[in-house]
Amino acid sequence: MQAHLRRIDRDSAGYALRLYPFTRKRLGQQPIEEPKAIVIDPRIFFGRPVLAGTGIPTAIIAERYKAGEAIGALADDYGRPTLEIEEAIRCELYTRAA
């Protein structure tokens, strides 16, 4: 439970501001620290998942990947590290599988 709570940013009154969702499926395992590359913030893109600090929707990245574009090419296009692109794709694929 603590791992999940550490992925929520709160304001000074304790209200949740943004969430960094887990993007990796772990069957029967405790969640471990994962990069906070994806953020859900109701003030950005209507609360849909985006790359943290950018506003780039994970859905767009995943659609381009499914259309056949390479992860390296996407990283170059968006000027982001490959890890972030992989996390965006993982976020979308995990969400759709659930």
Side-chain angles (χ1 to χ4, degrees):
M1 179 66 113
Q2 290 301 318
H4 291 274
L5 293 175
R6 283 193 302 271
R7 298 184 70 82
I8 301 171
D9 285 347
R10 299 178 181 279
D11 66 10
S12 60
Y15 293 105
L17 293 175
R18 65 191 67 85
L19 166 70
Y20 299 91
F22 285 106
T23 56
R24 301 171 188 190
K25 200 173 198 179
R26 302 213 188 311
L27 298 176
Q29 298 177 5
Q30 291 291 336
I32 59 172
E33 285 302 315
E34 292 182 12
K36 292 182 176 180
I38 308 302
V39 65
I40 296 173
D41 185 332
R43 299 168 297 173
I44 301 171
F45 200 58
F46 303 102
R48 294 185 184 113
V50 298
L51 289 180
T54 68
I56 301 168
T58 57
I60 301 297
I61 295 170
E63 288 301 318
R64 289 182 63 184
Y65 174 75
K66 289 191 319 186
E69 293 190 52
I71 290 174
L74 292 168
D76 289 343
D77 282 356
Y78 290 109
R80 307 304 300 172
T82 0
L83 172 69
E84 289 184 13
I85 301 300
E86 290 169 348
E87 291 297 316
I89 294 166
R90 196 175 288 122
C91 174
E92 288 298 320
L93 297 181
Y94 179 71
T95 301
R96 290 193 180 126

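In what follows, residues are counted from 1 in the order of the sequence shown. Note that this is a predicted model, so its numbers are computed, not measured.
- Interatomic distance, CD of E84 versus CD1 of I38, reported as 7.5 Å (0.5 Å rounding).
- Atom CG of L74 and atom CD1 of I60 lie 11.5 Å apart (nearest 0.5 Å).
- Considering OG1 of T58 and CD of E63, their distance stands at 10.0 Å, rounded to 0.5 Å.
- In this structure, CG in L5 is found 10.5 Å from CG in L19, a value given to the nearest 0.5 Å.
- Listed here is the closest heavy atom pair of R80 and A52: NH2-O, 4.1 Å.
- Listed here is the closest heavy atom pair of D41 and L17: OD1-O, 3.8 Å.
- Scanning both residues, R7 and P21, for their nearest heavy atoms gives NH2-O, 3.2 Å.
- For Y65, the OH atom counts as loosely surrounded, since its 6.0 Å shell holds 12 or fewer non-hydrogen atoms of other residues, nucleotides or ligands.
- Closest approach of A75 to I85, counting heavy atoms only: CA-CG1, 3.7 Å.
- When side chains are defined from C-beta on, I44 does not count as touching R18, because their heavy atoms never get closer than 4.5 Å.
- Contact record, L93 with K66: CD2-CD, 4.3 Å, taken as the closest heavy-atom pair.
- Atom CZ of F22 and atom NZ of K36 lie 9.0 Å apart (nearest 0.5 Å).
- I56 contributes atom CD1, which lies 5.5 Å from atom CD1 of I61 (distance to the nearest 0.5 angstrom).
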